[in-house]
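Have a look at the structure below, then the notes.
First the proteins, then the strands, lettered A, B, ... as listed; each starts at 1. Everything numeric here is computed off the predicted structure, so don't read it as measured data.
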Protein chains: 2
Amino acid sequence: MTAPDATAPRRSRRGGGITLGDVARLAGVSPITASRALNTPDQVAPDKLARVREAVARTGYVPNRLAGGLASARSRLVAAVVPTIAGPVFMEMVQSLTSALADAGYQLMLGQSGYTESREDALLEAIIGRRPDGIVLTGILHSPEGRRRLLASGIPVVETWDLTPTPIDMLVGFSHAEAAAAVARHLHAKGRRRPALLSADDERALRRNRGFVDEALRLGLVRDAAEIPALRVPAPTTLGSGRSGLARLLAERPEVDAVFCSSDMLALGVLVEAAARGIAVPQQLAVVGFGDLGFAADTQPALSTVRIDGTGIGQRAARFIVDRADGRTVGEKIVDVGFRVIERGSS
Amino acid sequence: MTAPDATAPRRSRRGGGITLGDVARLAGVSPITASRALNTPDQVAPDKLARVREAVARTGYVPNRLAGGLASARSRLVAAVVPTIAGPVFMEMVQSLTSALADAGYQLMLGQSGYTESREDALLEAIIGRRPDGIVLTGILHSPEGRRRLLASGIPVVETWDLTPTPIDMLVGFSHAEAAAAVARHLHAKGRRRPALLSADDERALRRNRGFVDEALRLGLVRDAAEIPALRVPAPTTLGSGRSGLARLLAERPEVDAVFCSSDMLALGVLVEAAARGIAVPQQLAVVGFGDLGFAADTQPALSTVRIDGTGIGQRAARFIVDRADGRTVGEKIVDVGFRVIERGSS
DNA sequence: ATGAAAGCGCTAACAT
DNA sequence: ATGTTAGCGCTTTCAT
């Protein structure tokens, strides 16, 4: 029988898992050599490399990235904050972020900021505590306290889906005002003279509304902003609120001949309601959505909309963060990915 | 001038951030007391507690959870794996998981398994390396190698969206076959005698198809499984594939009087195509979807569908993991959340 | 190319 | 209620 080592003062806290040390012992090398075999294989002699790899395979060893992150101050974790996961709008970006980061060996942590500032602050603290190598924000950070903490944390930040001259750090977005103005010009060119706005009550949608109205004024479409009826529905937008929205809009202003919706879902609702009422689209009513979701091209009639390159935004954001983590200096910190007005049957 | 401490052998590697030690020094207590003040405040005397809290506020200290996780073997990280973020189907579950976990002080890591096994294995390794306190899987894990690694890791696993007698660990799901059988009974009760299936080619959708056909045979609706036309479209399903799917279905079998779709998006496409062709729904054609997405209640006509409680699944899964992490024993490890056939205008 | 030593920032275990 | 000590598993720094 083996006596317990008298020099061992107390029971070990070890989790029971296989560690780098176990692998090293099995391979007959020092832990640091095993570490190098995994991280920088070309700094290790071929025979030792092979032995380490075999030991890894035999034990099923999976490196503990918590420990690695602590030691190297690189967590290989990136946090993304979205207002809500429920909306399909940001999904394309989240999807491409996830893939692009996974390809570079990073993992995505997802957080929902919701709508209250207190939740936003709590979320930010939870995120910063994990020491991610980067944070991707969708839209503007509301709380000034949050902004300050982020800045103080020193973690690279990419804001997205918007353009501002004063980003916290890096920025990948587009101008909502310009996108809406382009839609206004499009509808004007199609001969529409009585446009209406149907939008969610979120900040960016309202900014688009203003952009639309400003351009309408400039075009001489209307003399006064008040001439453009604008109905706001609560976010997130649904097909149902699109239907009831059109109904309410027409009840007040039956002369409306075009509707610019703040989302494709809303626009789909308008399409459905128009069909139910026997209103011909686009003859009697032009409809334009926003987002170019998967279904937009296949509605009846096909939905005109504004395409935002969510995939591109995700890829640029990932690149920004990976570059920064690798110590490369990022040249231009602001990227305008633009937008495209897609003309289809509905206008 | 202060001479550098001769006993200091080398420059520190410290990241420059504020640490618990700094806070403790400022508060005039030992590090462990500061730790307790933050984690178990009622084990600390009120005056010291106040001093620690003030030091935290003054410095803007945010605990390093990487270090905490390493020391305590609890990362407070939970990983969720979805086939793809793009589909709206799992979003409800992911959303509720995120919230429920955030409330319990956990953070969600999101991974996309995609469709290839190699990606699945790589993802699993990335996840296990982070030593999460739990892993939530949507659907079945394909790779047997992956299953083995998960088991070996000892991390609590919750499989979801499905029922199997042999889960890896815990399970929150429902029977796809039974759900489809219920739809078959519903259509039969409505007098439909020529049903068709329009489905994605994913594993669970095909299981529903089989459940539907089996029940149809049992009901005497058909004599032979081949009598039920079944069209498969590639996942993810879209409105467009719903439209073209109905077109192809009718081209081959004009006598079809009901379509059971594997997703609401597909069903919406069927609705749109039917409207475009002047086919009356539900008079000439009954349509049933799956998922009860946000828009289902508001289509024209309102879409009959199968409601799955994604929020409930997320909450149960979160509970399972948090309970396990807190050392509570989980009683019944398999939860059947069931489903509900929602009858609306389209059938 | 390889290794020894010393942490990274925190908490569990053992005192008092 | 508070402190001391010794790690958690890895990587950095420095030396060979």
Side-chain angles (χ1 to χ4, degrees), chain A residues 5 7-25 27-52 56 59 61-76 128-131 153, chain B residues 5 7-25 27-52 56 59 61-76 128-131 133 153 327:
Chain A
D5 187 348
T7 66
R10 61 191 65 171
R11 221 174 102 268
S12 157
R13 278 200 269 144
R14 276 195 51 184
I18 292 125
T19 71
L20 188 63
D22 299 332
V23 170
R25 207 169 312 120
V29 298
S30 76
I32 185 63
T33 302
S35 170
R36 287 198 266 251
L38 298 174
N39 298 318
T40 51
D42 31 49
Q43 285 181 33
V44 174
D47 60 321
K48 308 212 171 187
L49 193 98
R51 269 152 57 206
V52 170
V56 167
T59 53
Y61 168 70
V62 179
N64 184 333
R65 307 257 173 233
L66 251 44
L70 179 60
S72 67
R74 289 190 57 181
S75 63
R76 295 194 164 273
I128 295 174
R130 245 105 212 181
R131 304 294 190 264
S153 75
Chain B
D5 186 349
T7 66
R10 61 191 64 170
R11 217 173 104 271
S12 158
R13 279 200 267 142
R14 277 195 52 185
I18 293 126
T19 71
L20 187 62
D22 300 331
V23 170
R25 207 168 311 119
V29 298
S30 76
I32 187 65
T33 301
S35 170
R36 286 198 267 251
L38 297 174
N39 297 317
T40 51
D42 31 49
Q43 285 181 33
V44 173
D47 59 320
K48 307 212 172 186
L49 192 101
R51 266 150 60 204
V52 170
V56 168
T59 53
Y61 168 70
V62 179
N64 184 334
R65 307 258 174 234
L66 251 46
L70 180 59
S72 66
R74 288 190 57 181
S75 61
R76 294 192 165 272
I128 294 174
R130 244 107 215 181
R131 302 297 190 267
D133 292 339
S153 74

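Taken from CG in B:Asn64 to CG in B:Leu20, the straight-line distance is 10.5 Å, to the nearest 0.5 Å. Interatomic distance, CG of A:Leu66 versus CG of B:Leu66, reported as 5.0 Å (0.5 Å rounding).
Within the 4.5 Å cutoff, the side chain of A:Val52 has heavy atoms near those of the A:Val29 side chain. Looking only at side-chain heavy atoms (C-beta outward), A:Val56 and A:Val62 stay at 4.5 Å or farther from each other.
Position along DNA chain C of the nearest nucleotide to B:Arg36 versus A:Arg131 favours A:Arg131 as the more 5'-ward residue.
Residue A:Lys48 has a polar side-chain atom (N or O) positioned under 4.0 Å from OP1 or OP2 of C:dT2. Residue B:Asn64 places none of its side-chain N or O atoms closer than 4.0 Å to OP1 or OP2 of C:dC8. OP1 or OP2 of C:dG3 has at least one side-chain nitrogen or oxygen of A:Ser30 nearer than 4.0 Å. B:Ser35 has a side-chain polar atom (N or O) that falls below the 4.0 Å cut-off from OP1 or OP2 of C:dT11.
Rounding to whole angstrom units, CG of residue A:Asn39 and P of D:dC10 are separated by 10 Å. Remark: P of D:dC10 and CG of A:Asp22 are 9 Å apart, rounded to the nearest angstrom. The CG atom of A:Leu38 sits 12 Å away from the C1' atom of D:dT11 (whole-angstrom rounding). Atom CD in B:Gln43 sits roughly 18 Å away from atom P in C:dA15 (whole-Å rounding). Remark: C1' of C:dG9 and CZ of A:Arg65 are 20 Å apart, rounded to the nearest angstrom. Rounded to an integer number of Å, the gap from B:Asp133 CG to D:dC8 P is 19 Å. In this entry the distance linking CG of B:Leu70 with C1' of C:dG9 reads 9 Å, nearest Å. A:Leu66 places its CG atom 20 Å from the P atom of D:dG7, with the value rounded to the nearest Å.
The nucleotide whose nearest atom lies closest to any side-chain atom of A:Ala45 is, among D:dT12, C:dC10, C:dT2, C:dT2. When each of C:dG3, C:dC10, D:dG3 is scored by its nearest atom to the side-chain atoms of B:Thr33, the top-ranked nucleotide is D:dG3. Closest contact between the side chain of A:Ala67 and the listed nucleotides C:dC10, D:dC10, D:dT2 involves D:dC10. For A:Ile32, taking side-chain heavy atoms from C-beta onward, the closest of the listed nucleotides D:dT2, D:dT11, D:dT4 is D:dT11.
Looking at heavy-atom distances under 4.0 Å, A:Pro31 makes no contact with the nucleic acid at all.
Proximity of a side-chain donor or acceptor of B:Arg51 to a complementary backbone N or O of B:Ala27 within less than 3.5 Å is detected.
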